[in-house]
Amino acid sequence: MNTQQLIDTAKELVAGDKGLLAMDESNPTCNKRFAKLGIPQTEETRRAYRELIVTTPGLAESISGAILYDETIRQKKRDGTPFAKALIEASIIPGIKVDTGAKQMAGHPGEKITEGLDGLRDRLKEYSLMGARFAKWRAVIAVGDGLPSRSALEANAHALARYAALCQEAGLVPVVEPEVLMAGEHSLERSVKVTGEALRNVFIQLNCQRVLLEGMILKPNMALPGLTCPAQETVNDAADATVKCLLRTVPAAVPGVAFLSGGQSAELASARLNAMNIRFKSHLPWALAFSFARAIQQPALELWKGEEANVSAAQQSLVHRARCNLAARRGEYTDAMERN
Ligand code: 5MM
């Protein structure tokens with residue numbers, strides 16, 4: 001393991017107030033998003049959409065790394081340039097989603113365990129040769145009556161740590177994503193509790209598997225009330241709760257926390273990240289960054305609608321969202337940015 005290389009890459013991913021663009025939707029997820037907008041769900045439309053993203057002018061001013069999916073890392077621009085190479089040429093670090101999906105956990109109704117460890121060592125070698133310098137694995141934690149179970153928290157944390165250790169062995173920085181879902185009526189307080197439990201389990205397992213904390217990125221959810229909870233706290237309250245939870249659970253050796261957006265609107269995700277950075281940035285040991293998929297891509301996808309004529313408008317929207325999130329990292333995001 002080249003420790004210094006891992007540390008350098010992890011730092012680079014959160015340097016310059018930039019963040020990550022998650023464009024690693026699996027085919028079923030990508031197809032679902034296309035279907036909602038009437039976009040044909042074919043390999044070619046997925047390729048064309050990803051070409052739109054990787055060729056967006058100016059994206060690298062706010063985006064440090066982009067997470068690809070297995071199909072996407074094997075695809076090329078129309079001119080034959082592989083997407084990973086196109087990203088490198090644009091000064092964006094290519095990353096790769098390496099889990100094979102969250103599956104129903106045996107004996108645990110309503111809970112999932114993420115799969116993908118079998119053969120991972122060989123897949124990581126291949127992705128590294130294709131240009132990937134970091135990887136991502138997502139565990140999902142549902143909140144509900146009696147959920148999450150201790151066993152689901154432990155099993156998912158264990159898998160995340162096994163994945164992270166294999167990544168570091170292969171020279172790839174692991175992005176460790178334990179996502180406490182927003183689906184449900186749970187309160188902000190409960191979200192803080194479950195997020196804290198999930199993170200505590202994750203760091204116990206990461207230490208157990210000898211993962212170098214300086215050479216990883218944590219990709220957690222923000223602590224937020226469930227989507228159908230009647231009480232929706234203010235942006236500042238959610239920011240305070242999230243940072244308090246992270247301070248209690250995330251070791252200072254971790255260089256960066258890059259939030260997922262989890263189904264929040266693009267504007268709220270930026271506003272909440274902004275509030276955290278305004279209120280706490282100068283006292284925190286780690287960078288508070290972003291690794292959004294929907295909160296960067298969704299407005300662009302809605303503009304594109306699968307039409308060549310809409311590519312430029314969609315690209316402008318992507319750059320806009322990326323810039324809003326760069327500003328949020330600086331605590332400089334304002335409503336006015338959404339009106340320009
Ligand atoms: C892009 O979505 C990723 C999950 O894809 P699959 O469910 O198809 O495997 C997901 O891991 C994503 O990277 C993160 O959840 C962040 O996305 P959001 O939309 O929550 O910012």
Side-chain angles (χ1 to χ4, degrees), residues 13 19-36 41 46 49-50 53-54 62-73 83 93-104 112-116 120 123 132 134-143 156 159-160 163-164 167 173-183 191 195 198 202 217-224 226-227 242 256-273 288-302 318 321-322 324-325 328-329:
L13 287 170
L20 307 180
L21 168 61
M23 49 180 288
D24 60 317
E25 297 84 359
S26 58
N27 291 347
T29 302
C30 190
N31 289 344
K32 224 183 288 166
R33 299 204 178 140
F34 280 10
K36 276 195 187 145
Q41 297 112 62
R46 292 191 296 271
Y49 177 56
R50 268 61 180 260
I53 297 177
V54 305
S62 323
I63 298 294
S64 55
I67 312 170
L68 304 173
Y69 175 59
D70 182 77
E71 177 183 83
T72 321
I73 201 169
F83 286 157
I93 304 174
I96 179 76
K97 181 227 290 296
V98 300
D99 65 70
T100 55
K103 310 282 161 59
Q104 177 57 51
K112 291 188 170 172
I113 178 74
T114 302
E115 296 185 350
L120 182 56
R123 288 195 290 128
F134 71 103
K136 196 204 82 176
W137 177 293
R138 170 173 173 254
V140 294
I141 308 294
V143 185
N156 275 294
L160 275 167
Y163 136 84
C167 284
V173 167
V175 173
V176 173
E177 181 180 7
E179 175 175 3
V180 176
L181 297 173
M182 286 172 72
S191 171
T195 303
V202 165
I217 299 291
L218 179 71
K219 177 168 174 169
N221 53 284
M222 296 181 192
L224 298 171
L227 288 170
T242 301
V257 171
F259 292 105
L260 60 93
S261 57
Q264 306 172 65
S265 71
E267 290 82 2
L268 257 182
S270 300
R272 286 165 169 155
L273 179 62
L288 284 186
F290 56 93
S291 175
F292 298 156
R294 283 163 289 181
I296 293 180
Q297 291 186 51
Q298 194 56 31
L301 185 60
E302 287 168 15
L318 276 179
R321 290 264 45 97
C324 286
N325 291 311
R329 281 208 55 190

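As the structure lists them, so they are numbered: ligands from 1, and atoms in each ligand from 1. Along the sequence shown, residues are numbered consecutively beginning with 1. Note that the structure is a prediction, hence the values are computed from the model and not measured.
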Which ligand 1 atoms does K136 reach within 4.0 Å, using its non-hydrogen atoms? 3 (C), 10 (C), 11 (O), 12 (C), 13 (O)
Can you tell which of R46, K97, R33 makes a salt bridge (Lys or Arg N to Asp or Glu O under 4.0 Å) with E25? R33
What about R138: any of its N or O atoms under 3.5 Å from an N or O on ligand 1? yes
Taking distance alone, with no angle check, do T29 and ligand 1 share an N/O pair under 3.5 Å? yes
What are the atoms of ligand 1, with element, lying closer than 4.0 Å to any heavy atom of A22? 13 (O)
the protein heavy atom lying closest to atom 18 (P) of ligand 1 turns out to be S261 OG, 3.3 Å
Which of the atoms of ligand 1 are close to K219, meaning less than 4.0 Å from one of its heavy atoms? 12 (C), 13 (O), 14 (C), 16 (C)
N/O of D99 under 3.5 Å from N/O of ligand 1, yes or no? no
Separation between CG (L120) and CG (D99), nearest 0.5 Å, reads 9.5 Å
Polar contacts were defined as any N/O atom of the residue lying under 3.5 Å from an N/O atom of the ligand; does this apply to R33 and ligand 1? no
Spacing of I217 atom CD1 and E177 atom CD [to the nearest 0.5 Å]: 13.0 Å
Is it true that a side-chain atom of N156 and a backbone atom of T114 form a donor plus acceptor pair closer than 3.5 Å? yes
Where ligand 1 meets G262 - atom numbers and elements under 4.0 angstrom, heavy-atom basis: 18 (P), 20 (O), 21 (O)
Residue and atom name of the nearest protein heavy atom (relative to atom 9 (O) of ligand 1), distance in Å to one decimal: K97 NZ, 2.8 Å
Value for CD1 (I96) from CG (D24), rounded to nearest 0.5 Å, stands at 8.0 Å
Short side-chain to backbone donor-acceptor contact, S291 and F259, under 3.5 Å: no
So how far is it from L318 CG to Q297 CD, rounded to the nearest 0.5 Å? 7.0 Å
Judged by modelled atom types alone, do N325 and S62 share a side-chain donor-acceptor pair under 3.5 Å? no
To the nearest 0.1 Å, how far is atom 17 (O) of ligand 1 from its closest protein heavy atom, and which atom is that? A293 CB, 3.2 Å
If you round to the nearest 0.5 Å, how far is CD1 of I93 from CG of L20? 8.5 Å
At what distance is the nearest protein heavy atom to atom 1 (C) of ligand 1, and which residue and atom is it? D24 OD1, 3.2 Å
Which residue holds the protein heavy atom closest to atom 19 (O) of ligand 1, what is that atom called, and what is the gap in Å? R294 NE, 2.7 Å
of all protein heavy atoms, closest to atom 14 (C) of ligand 1 is E177 OE2, 3.1 Å
Within ligand 1, which atoms have a heavy atom of F292 less than 4.0 Å away? 21 (O)
One should read off an interatomic distance between L21 CG and I67 CD1, to the nearest 0.5 angstrom, of 8.0 Å
Which ligand 1 atoms does E179 reach within 4.0 Å, using its non-hydrogen atoms? 15 (O)
